[in-house]
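So the structure is just underneath, and the comments pick up after that.
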Amino acid sequence: MGAIPSVFDLDRLVLALSDAFDLVGVDKTGHSRRVGLIAAHVAEELGWENGEIRSLLRAALLHDCGVSTTGEHHDLMGALRWADSVEHCQRGAGYLASIPELAALAPMVAEHHTAWTNLCNRGVTEGVALAANLICLADRTDALLQGGVTPGRDLVAALKGHGGYFAPQGLAALDRLARCEAFWFALEEPVLSEALARRTALGPPELLDSCAVLRLAAVVGGIIDRKSPYTECHSGGVAKVSVLLGQAMGLGEATRRGLEIAGYLHDIGKLRIPDELLDRQGALDAADRLRMARHAFDTRVILTHAFGPGAIADWAGFHHECLSGNGYPFHLKEAELCPEARIVAVADVFQALAQHRPYRAPLIPDEIAALMDGMVFAGKLDAQVVAVCKEHLDECWAAATGG
Ligand SMILES: [Fe+2]
Ligand SMILES: [Fe+2]
Ligand SMILES: [Fe+2]
């Protein structure tokens, strides 16, 4: 199993998170990656320095982090502007402002749907205004592409038709790039990912310690939980219960921090589940069960990109596995499940049972303990972890519910 890194590469985390936020598009993914590369190419054409392009690229990759629901995502690829377009800009900027390492990106994200002619009244610097508008230009370019418009100068001409919306120098630079067929071909995978990896490796790596990653994970956990009113505080509760159980089981500090990060991010793959499916009451058909089961798989893929294979990615990605081998989506056997994955699985069940659901009220601690005993008997949860959980029942309840 891979170990927990002592430092984490910020650009690697940003790329992985960008992919996670793109999952809200369900099957229409890759938007933020394409916006990032288009914006970076336009900035390069305008002669920007590498450091400025790096910052713009990060903001472009995260520009839609304020969108958690498929309902809101639907609007993103439609009209140039819509009634509530400013909401996801401000929400996303708020998330970024609360993360010290990403706070400088917040003003660009806040203004990424503001028309160029209005940006001079927004109290931002010229540099931020142009960066925000280049994200807007790249965003609309991709929206037209995904809408079926043929790549080329005609597409840029369509954007020019929105007088005053885009900075003239940005449009002119895009127009020059648009003559080159390779500019458009480079927006297709796998060339797109290779180009982004090369670009993010241009400067010296910016490294985060595990405390900084934990702060970032806590914010991302809130974005995941915003997907549904019934999952409010779920990820935070799973993180806190996981740490508590890890502490009670005598695990070391680095492992406990990794457990907390895994707890915050264990459901990051849920960003791909359509809103109506997540909130649906009653039986699911086979196709919908498959969509639901996929979230733990997607979690592991994203966290492997973010943190490397093993450790955090496995602890989070295996949270629906069972000792009996009847869990999902990997159907691992008992011997393949490490203690940390068993802890996150117990914390996940505990928090979910302690939370209100559309079909039932929150369960009290004794009811949860009895249900978990049944799950141990059925080969779903680890007996030792559940025993520790029962020894610290009231503390787990407080951790799960924020009490
Ligand atoms: Fe947007
Ligand atoms: Fe889950
Ligand atoms: Fe969960």
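None of the values given here were measured: they were computed from a predicted structure. For the single chain, residues carry numbers from 1 onward in sequence order. Remember, it's 1-based here, ligands and their atoms both numbered in the order they're listed.
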For distances below 2.8 Å, what is the count of protein N, O or S atoms around the Fe ion (ligand 3)?
4

Where the Fe ion (ligand 1) is the vertex, angle from H88 NE2 to H113 NE2 to 10°
90°

Does one side chain, of D139 or H63, offer a donor that lies under 3.5 Å from an acceptor on the other?
yes

Is the Lys NZ or Arg CZ of R300 less than 6.0 Å from the centre of F330's six-membered ring, within 45° of the axis?
yes

Which angle, to the nearest 10 degrees, do you find at the Fe ion (ligand 1) between OD1 in D64 and NE2 in H112?
90°

Verify whether one side chain among R33 and S193 offers a donor that lies under 3.5 Å from an acceptor in the other.
yes

Can you see whether S235 engages D267 through a side-chain donor-acceptor pair at a distance of less than 3.5 angstrom?
no

W184 side chain to A178 backbone, donor-acceptor under 3.5 Å:
yes

Minimum-distance atom from the Fe ion (ligand 2) among N, O or S atoms of H295:
NE2

If the test is ring-ring contact (aromatic ring centres under 6.0 Å, His included), which one of H320, H295, H234 qualifies with H266?
H234

According to salt bridge (Lys or Arg N to Asp or Glu O under 4.0 Å), does anything in residues 317-338 pair up with another residue at least two apart or in another chain? List the pairs.
none

With respect to the Fe ion (ligand 2), what is the nearest N, O or S atom of H320?
NE2

Testing the 3.5 Å rule here: is there a donor-acceptor pair between the side chains of T231 and D225?
no

